[in-house]
Amino acid sequence: MFKKEDKEKNNPFKNENFETETTEETAEPVENTEEETKEEQKPENNDTEKLQAELDSLNNKYLRLAADFDNFRKRQMQERESLLKYGAEDTLKKIITVLDTFERAKKSIADMTECEKIKESYDVGIKQLYDTLDKIGLKKIEAKGEEFDPNLHEAVMQTPTNDYPANTVIDELQTGYKLFDKVLRPVFVNVATEAADEAPAQDNKEEQ
């Protein structure tokens with residue numbers, strides 16, 4: 001018979017190292033699971049903090065941008081109001097000099113009795129006025145003798161005539177003006193239309 005020692009020696013499943021390793025391997029997963037849980041929680045916390053920081057930064061940028069836009073809008077409103085209020089300043093400065101000319105002419109003709117002298121003083125003043133207005137962009141619209149243009153002219157009269165081609169402006173009833181290329185007021189005009197042909201005269205003979 002075999003002894004107990006021989007049985008243990010010949011036992012193929014007898015392996016102390018195997019038992020030790022099996023025990024160690026069984027215990028490790030428990031410890032690793034706890035560590036892995038902690039490691040998984042750390043990245044999540046870091047991502048949340050990072051997103052919160054980005055959100056705060058974007059919110060601050062939005063608030064600054066909104067404040068800047070509000071200030072810009074207020075400045076634009078102030079500049080617009082100032083432009084509407086004082087936009088004619090340069091124009092009026094030019095016209096003031098024309099008013100000075102009329103004032104001087106008024107004094108110079110106060111004791112005049114000759115109409116020709118008065119007319120000359122008026123002509124000087126009105127010419128200076130038109131020259132000044134022309135420099136700032138105001139121009140008269142020429143119409144007489146021109147073909148009728150509804151963009152520049154307003155027909156308030158029509159006259160049948162053979163002296164002018166049809167649709168020709170034969171008279172200006174009120175002057176029109178443009179500011180550069182923009183029509184401020186059209187010219188009121190009288191427009192020629194084609195005259196009706198006269199019926200030939202017929203001799204009526206009395207029957208005898």
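What you are looking at is a predicted structure, and each value in this text was computed from that prediction instead of being measured.
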For the hydrophobic clusters of this structure (ILVMFWY residues joined by side-chain heavy atoms under 4.5 Å, transitively), does one cluster hold both [X] and [Y]?
| X | Y | result |
| --- | --- | --- |
| Tyr177 | Leu133 | yes |
| Met157 | Val169 | no |
| Leu173 | Ile170 | no |
| Ile95 | Phe180 | yes |

Which heavy atom of [X] sits nearest to which heavy atom of [Y], and what is that distance?
| X | Y | result |
| --- | --- | --- |
| Val98 | Gly125 | CG1-O, 4.0 Å |
| Val189 | His153 | CG2-CB, 3.9 Å |
| Ala155 | Val191 | CB-CG2, 3.8 Å |
| Pro160 | Ala195 | CB-CA, 4.1 Å |
| Pro165 | Ala192 | O-CB, 3.7 Å |

Walk me through whether Val124 and Glu120 qualify under side-chain contact (heavy atoms from CB on, under 4.5 Å).
CA-CA 6 Å; Val124 171; Glu120 289 177 2; 5.6 Å; no
With a 4.0 Å cut-off on N to O distance, would you call [X] and [Y] a salt bridge?
| X | Y | result |
| --- | --- | --- |
| Asp70 | Lys74 | yes |
| Asp131 | Lys127 | yes |
| Asp100 | Arg104 | no |

Between atom [atom1] of [X] and atom [atom2] of [Y], what is the distance when rounded to the nearest 0.5 Å?
| X | Y | atom1 | atom2 | value |
| --- | --- | --- | --- | --- |
| Phe148 | Thr193 | CZ | OG1 | 12.5 Å |
| Thr168 | Glu146 | OG1 | CD | 9.5 Å |
| Lys140 | Asp134 | NZ | CG | 11.5 Å |
| Asp68 | Phe72 | CG | CZ | 11.0 Å |
| Glu142 | Thr175 | CD | OG1 | 8.5 Å |
| Lys139 | Tyr130 | NZ | OH | 13.5 Å |

Do [X] and [Y] make a side-chain contact, defined as non-hydrogen atoms from C-beta onward lying under 4.5 Å apart?
| X | Y | answer |
| --- | --- | --- |
| Lys135 | Thr132 | no |
| Leu152 | Lys178 | yes |
| Asn59 | Leu55 | no |

Among residues at least two apart in sequence or on other chains, which ones pass side-chain contact (heavy atoms from CB on, under 4.5 Å) with Gln78?
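By the side-chain contact (heavy atoms from CB on, under 4.5 Å) rule, Gln78 matches no residue at all.
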Considering residues at least two apart in sequence or located in another chain, which fulfil the side-chain contact (heavy atoms from CB on, under 4.5 Å) criterion with Leu179?
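Checked Leu179 against side-chain contact (heavy atoms from CB on, under 4.5 Å); matches are Leu184.
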Taking atom CZ as the centre, does Arg80 end up with more than 12 heavy-atom neighbours from other residues, nucleotides or ligands that are less than 6.0 angstrom away?
no
For Asp181, does the CG atom sit with more than 12 other heavy atoms under 6.0 Å from it, leaving out its own atoms?
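Atom CG in Asp181 is not packed in, count stays at 12 or less.
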Just jot down the side chain to side chain donor-acceptor pair (under 3.5 Å) partners of Gln128, sequence neighbours excluded, or say none.
Thr101
Show the numbers, then the answer: is there a side-chain contact (heavy atoms from CB on, under 4.5 Å) between Asn151 and Val183?
CA-CA 8 Å; Asn151 297 315; Val183 176; 6.0 Å; no
Donor-acceptor check, side chain of Glu194 to backbone of Ala166, threshold 3.5 angstrom: yes or no?
no
